[in-house]
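So you know, we letter chains A, B, ... as the sequences are listed, proteins then strands, and number each from 1.
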There are 2 protein chains.
Amino acid sequence: MLEKEARLDPRAVRTRQYLQQAMGELLGEKRFHEISVQDITARAGVNRATFYAHFVDKYDLLNTSIREMYQNMLDEKLPAQPVFNRANMRLLIITVFEFLEGFIGHCSPGSISSEQGLMAQQVQVHTQTILRGWLERSGAVAQHELEAVSSIASWMIFGPIVQVTWERKKVSADTVAEQLLPLIEAGLGAYMHAGAT
Amino acid sequence: MLEKEARLDPRAVRTRQYLQQAMGELLGEKRFHEISVQDITARAGVNRATFYAHFVDKYDLLNTSIREMYQNMLDEKLPAQPVFNRANMRLLIITVFEFLEGFIGHCSPGSISSEQGLMAQQVQVHTQTILRGWLERSGAVAQHELEAVSSIASWMIFGPIVQVTWERKKVSADTVAEQLLPLIEAGLGAYMHAGAT
DNA sequence: CAACATCTGTTGTTTACGCAACAAGTGCTG
DNA sequence: CAGCACTTGTTGCGTAAACAACAGATGTTG
């Protein structure tokens with residue numbers, strides 16, 4: 001992602017950071033449903049009314065945080081203006097895998113907490129949004145097909161990875177990518193850009 | 001020190017912390033006279049106009065920071081309401097020694113920078129202020145003698161310690177205290193409280 | 001020395017945030 | 001179920017900080 005268009009007031013930037021950091025700390029101490037907005041703001045040292053100037057509720061805070069962390073990881077691994085091609089799909093698969101593993105990899109098998117469910121959902125939705133952008137940039141899909149194709153593509157990546165991650169199978173991100181790419185190409189190769197980047 | 005009487009607005013507390021932390025970082029990178037208020041506020045992420053809402057200039061910031069750090073160390077080592085007695089003088093000597101050593105102990109012998117000079121001055125002045133408070137609490141000194149006695153007492157502690165520290169002699173805080181206490185008692189024993197605490 | 005770049009100290013205005021309070025909602029307990 | 005403690009979402013007001021701009025001061029350079 002390029003430089004933000006409008007510079008945010010440093011105070012607002014800071015406040016959001018405090019709130020997000022507080023949420024992260026509290027999630028390490030108790031379950032999501034046990035955490036109140038009061039807890040978050042007290043931990044962050046921010047007035048509770050200020051919380052509502054930035055987020056609708058604690059779900060909004062969590063979802064936003066997850067999306068931003070995921071997007072930061074994508075920004076690190078992918079080119080600045082990715083198109084829908086094999087190389088970028090590979091990088092995306094690896095990123096999704098590593099991101100999910102980072103969250104789920106620390107739980108006992110079969111245990112799915114509400115925060116993990118929420119987190120997984122955010123990753124899927126955001127992955128779809130990203131793919132939609134890629135497809136639009138490539139111009140290989142008709143406008144009315146964008147939603148369908150991006151949804152299918154995201155689930156082809158997301159579904160198998162979620163299953164592998166939740167079942168705690170010992171596989172590497174590269175292995176997963178090598179297994180998924182041929183299948184994705186078989187189904188969506190028609191929309192793929194032939195060139196690099 | 002007991003709980004502050006009026007709760008400071010958390011925003012102001014934070015801003016001061018940022019500024020003080022920025023000063024500390026910059027002092028590790030360049031000399032005091034090379035540091036501008038602009039540098040400090042940029043590092044702290046605080047608007048320059050805000051700096052002047054809290055401090056008169058960069059000297060004020062440095063002096064205040066030194067005094068607060070020193071006072072924090074004193075608060076850790078001394079009882080809540082110290083009186084002018086042998087035990088507390090001993091603790092004070094140890095604290096002064098350790099505080100000065102913490103700043104000066106990392107320089108080459110004979111090298112006295114302007115920040116160290118400023119820092120030493122703050123310690124002497126603050127030590128005198130503290131001793132004045134002790135004497136006043138003990139009631140063993142007439143009002144018109146408070147300044148003189150507290151000044152003498154502070155220099156009897158401060159002077160020898162500064163010399164030892166600057167000359168880089170390898171002595172412990174306890175050793176210095178054992179050497180200074182008899183001399184201080186000989187000179188100021190008449191004002192000392194006999195009891196503990 | 002004049003010109004210039006940089007910094008300082010200040011000012012008025014705008015913006016984000018702190019605070020106290022309130023009504024309503026939620027969960028727990030006897 | 002009623003009572004209670006706690007939380008939520010919101011509001012109006014006051015406060016601290018951000019911002020842009022200005023005049024003056026300071027240090028450097030040709």
Side-chain angles (χ1 to χ4, degrees), chain A residues 3-66 68 113-115 117-118, chain B residues 3-66 68 113-115 117-118:
Chain A
E3 197 70 21
K4 292 182 174 64
E5 294 185 351
R7 185 166 188 271
L8 286 181
D9 188 297
R11 293 172 294 185
V13 172
R14 272 212 183 100
T15 298
R16 288 175 71 95
Q17 280 174 359
Y18 295 143
L19 291 170
Q20 290 179 342
Q21 185 174 333
M23 172 64 96
E25 288 172 13
L26 288 168
L27 280 174
E29 296 169 20
K30 40 183 174 178
R31 307 300 297 268
F32 184 67
H33 78 270
E34 289 169 343
I35 297 170
S36 66
V37 169
Q38 181 88 308
D39 293 333
I40 296 164
T41 54
R43 176 63 66 92
V46 173
N47 194 278
R48 192 166 58 75
T50 305
F51 176 95
Y52 294 102
H54 291 269
F55 300 104
V56 172
D57 53 24
K58 67 175 186 178
Y59 296 90
D60 184 27
L61 168 60
L62 181 67
N63 293 339
T64 300
S65 303
I66 290 165
E68 283 177 11
S113 62
S114 66
E115 50 262 35
L118 289 165
Chain B
E3 198 69 20
K4 290 183 178 61
E5 295 188 353
R7 185 166 188 269
L8 287 180
D9 189 299
R11 293 172 291 186
V13 172
R14 273 211 181 101
T15 298
R16 288 176 71 94
Q17 282 174 357
Y18 296 142
L19 290 171
Q20 290 178 343
Q21 185 174 332
M23 171 64 98
E25 288 173 13
L26 288 168
L27 279 175
E29 297 169 19
K30 40 183 172 176
R31 307 301 296 270
F32 184 67
H33 77 270
E34 290 168 342
I35 297 170
S36 66
V37 169
Q38 181 89 305
D39 293 333
I40 296 163
T41 53
R43 175 65 65 91
V46 171
N47 192 278
R48 193 164 59 75
T50 305
F51 176 95
Y52 293 102
H54 292 268
F55 300 103
V56 171
D57 52 24
K58 67 174 185 175
Y59 297 90
D60 185 25
L61 168 61
L62 181 69
N63 293 340
T64 301
S65 303
I66 290 165
E68 283 178 12
S113 62
S114 66
E115 50 262 36
L118 288 165

Which atom pairs link the protein and nucleotides 20-26 of chain C when you take only N or O atoms and keep those under 3.5 Å?
none

Open item on the list: Is the shortest side-chain heavy-atom distance between B/Arg16 and B/Thr64 below 4.5 Å?
Closed with: yes
Open item on the list: For D/dT10 and A/Tyr52 - does any side-chain N or O of the residue sit under 4.0 Å from the phosphate oxygens OP1/OP2?
Closed with: no
Open item on the list: D/dA17, OP1 or OP2 - any side-chain N/O from B/His54 closer than 4.0 Å?
Closed with: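 Looking at the OP1 and OP2 atoms of D/dA17, one of them is under 4.0 Å from a side-chain N or O of B/His54.
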[X] [atom1] to [N] [atom2]: how many Å, rounded?
X       : N      : atom1 : atom2 : answer
A/Leu8  : D/dA17 : CG    : C1'   : 16 Å
A/Leu26 : D/dT7  : CG    : P     : 13 Å
B/Arg14 : C/dC17 : CZ    : C1'   : 11 Å
A/Gln38 : D/dA5  : CD    : P     : 16 Å
B/Phe55 : C/dT8  : CZ    : C1'   : 17 Å
A/Asp39 : D/dT8  : CG    : C1'   : 13 Å
A/Leu19 : C/dC17 : CG    : C1'   : 12 Å
A/Ile35 : D/dT8  : CD1   : C1'   : 16 Å

Identify the heavy atoms of [X] and [Y] that sit nearest to each other, and give their distance.
X       : Y       : value
A/Ser65 : A/Gln20 : OG-CG, 3.3 Å
A/Arg43 : A/Ala22 : CG-CB, 3.6 Å
B/Arg14 : A/Ala44 : NH2-O, 2.8 Å
B/Leu19 : B/Leu61 : O-CD2, 3.9 Å

Open item on the list: Determine whether a donor-acceptor pair (N or O, by modelled atom type, separation under 3.5 Å) exists between the side chain of A/Lys58 and the backbone of A/Met23.
Closed with: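 A pair under 3.5 Å: no.
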TODO: Looking only at side-chain atoms of B/Asp9, point me to the closest of C/dG18, D/dT7, D/dA18.
DONE: C/dG18
Open item on the list: One pair to check against side-chain contact (heavy atoms from CB on, under 4.5 Å): A/Thr41 and A/Thr50. What are the steps and the verdict?
Closed with: CA-CA 9 Å; A/Thr41 54; A/Thr50 305; over 6 Å; no
Open item on the list: What I want to check is whether an N or O donor and acceptor connect the side chain of A/Arg11 with the base of D/dA18 at under 3.5 Å.
Closed with: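 In this structure, the two groups form no donor-acceptor pair.
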- [ ] For A/His33, report the nucleic acid contact type (base, sugar-phosphate, nothing); a contact means any heavy atom under 4.0 Å.
- [x] nothing
- [ ] Identify, between A/Val56 and A/Pro10, the residue whose nearest nucleotide on DNA chain D lies closer to the 5' end.
- [x]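 The answer here is A/Val56.
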